[in-house]
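Structure, as structure tokens:
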Amino acid sequence: MVQFDTSWTLFLDRDGVINEREEGGYISKVEDFSFIPGTIKALEKLSTIFGRIVIVTNQAGIGKGIMTEKQLDKVHKHMLKTIDLLDGRIDKIYYCPDKPEANSPNRKPETGMAMQAKADFPEIEFSRSVIVGDSVSDMEFGARLGMVKVFIEGKGEDPSVVKPDFQFTSLKEFTAAL
Ligand SMILES: [Mg+2]
């Protein structure tokens, strides 16, 4: 495992890494949001290791008209409040509301959300960044930016095409390996 310190940034995918995925759907209500067991505790430790922790999440449900930005905002406020109460830290959430057909420069695997993070936190270096995600598109996003790629199994996607650097079953397990 790489020796991380506060000069490193952690990019986290949301669905399937922090919270349980909603099969074929979108989480538009706080009641539908549930943390994956062990995640909050993991974030507490990760907060002491990494200088910056940001979330990068595709939320095409907005572009498709299935949920509103206001609903997503409520879900995120709840998530951040819970993490904060338990001594974890997320510096900022970036989300892409665009549907796949929009060819948005922000939708992973495109790198727009990383550029937004770099604009907000100029100290971020992509070569000293880690992406943790459960989709091939997350690994592709990290590959384009030269990040360390950590694949979380569970969604059933085959990551071998993008060769993750590390593979774990959960954020909890990744954190335990640090
Ligand atoms: Mg995901």
Side-chain angles (χ1 to χ4, degrees), residues 9-30 32-43 46 50 52-64 66-67 69 71-76 78-80 82-83 88 90-117 126 129-145 147-175 177:
T9 298
L10 181 61
F11 285 80
L12 294 172
D13 170 41
R14 198 198 81 181
D15 299 319
V17 173
I18 292 176
N19 58 278
E20 309 280 3
R21 265 175 289 111
E22 182 78 8
E23 273 331 314
Y26 298 93
I27 297 167
S28 57
K29 297 194 293 283
V30 169
D32 297 335
F33 183 94
S34 54
F35 282 98
I36 294 169
T39 297
I40 297 182
K41 193 86 191 144
L43 283 168
L46 292 168
F50 289 91
R52 293 283 175 206
I53 303 177
V54 299
I55 291 175
V56 282
T57 177
N58 286 345
Q59 293 296 332
I62 293 171
K64 292 176 182 172
I66 296 166
M67 65 176 172
E69 302 215 36
Q71 284 176 314
L72 183 68
D73 195 47
K74 268 191 188 166
V75 170
H76 282 170
H78 160 76
M79 177 180 77
L80 290 181
T82 310
I83 291 170
I90 300 289
D91 292 296
K92 195 152 179 178
I93 302 171
Y94 300 91
Y95 65 88
C96 176
D98 306 316
K99 50 186 175 181
E101 312 85 86
N103 293 320
S104 168
N106 296 319
R107 183 175 166 80
K108 292 178 290 182
E110 300 298 327
T111 55
M113 289 192 283
M115 300 310 158
Q116 292 172 29
F126 299 134
S129 295
V130 187
I131 174 74
V132 181
D134 68 339
S135 295
V136 164
S137 63
D138 296 313
M139 299 300 99
E140 180 63 36
F141 167 88
R144 292 183 190 184
L145 294 155
M147 295 180 178
V148 173
K149 306 178 296 297
V150 177
F151 185 73
I152 301 297
E153 299 151 17
K155 200 180 177 186
E157 288 190 17
D158 175 10
S160 59
V161 281
V162 282
K163 296 189 183 67
D165 299 291
F166 302 97
Q167 221 164 307
F168 293 98
T169 57
S170 64
L171 186 68
K172 179 187 174 181
E173 201 195 298
F174 163 67
T175 307

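One-based numbering, in listed order, for ligands and for the atoms of each.
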Spacing of [atom1] belonging to [X] relative to [atom2] belonging to [Y], to within rounding of 0.5 Å:
X    : Y    : atom1 : atom2 : answer
Y95  : H76  : OH    : NE2   : 8.5 Å
D134 : I36  : CG    : CD1   : 7.5 Å
M147 : F141 : CE    : CZ    : 4.5 Å

Exercise. Answer with yes or no whether the side chains of Q59 and D15 bring together a donor and an acceptor at under 3.5 Å.
Key: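 Short answer, yes.
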
Self-check item: Mutual orientation of the aromatic rings belonging to F33 and F35 [parallel < 30°, tilted 30-60°, perpendicular > 60°]
Solution: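 Ring orientation of F33 relative to F35: perpendicular.
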
Self-check item: Residues forming a side chain to side chain donor-acceptor pair (under 3.5 Å) with D98, sequence neighbours excluded
Solution: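 Residues passing side chain to side chain donor-acceptor pair (under 3.5 Å) with D98: S104.
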
Quiz item: Around the Mg ion (ligand 1), what protein N, O or S atoms are found below 2.8 Å?
Solution: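 Listed by chain and number, the nearby protein N, O or S atoms are D13 OD2, D15 O, D134 OD1.
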
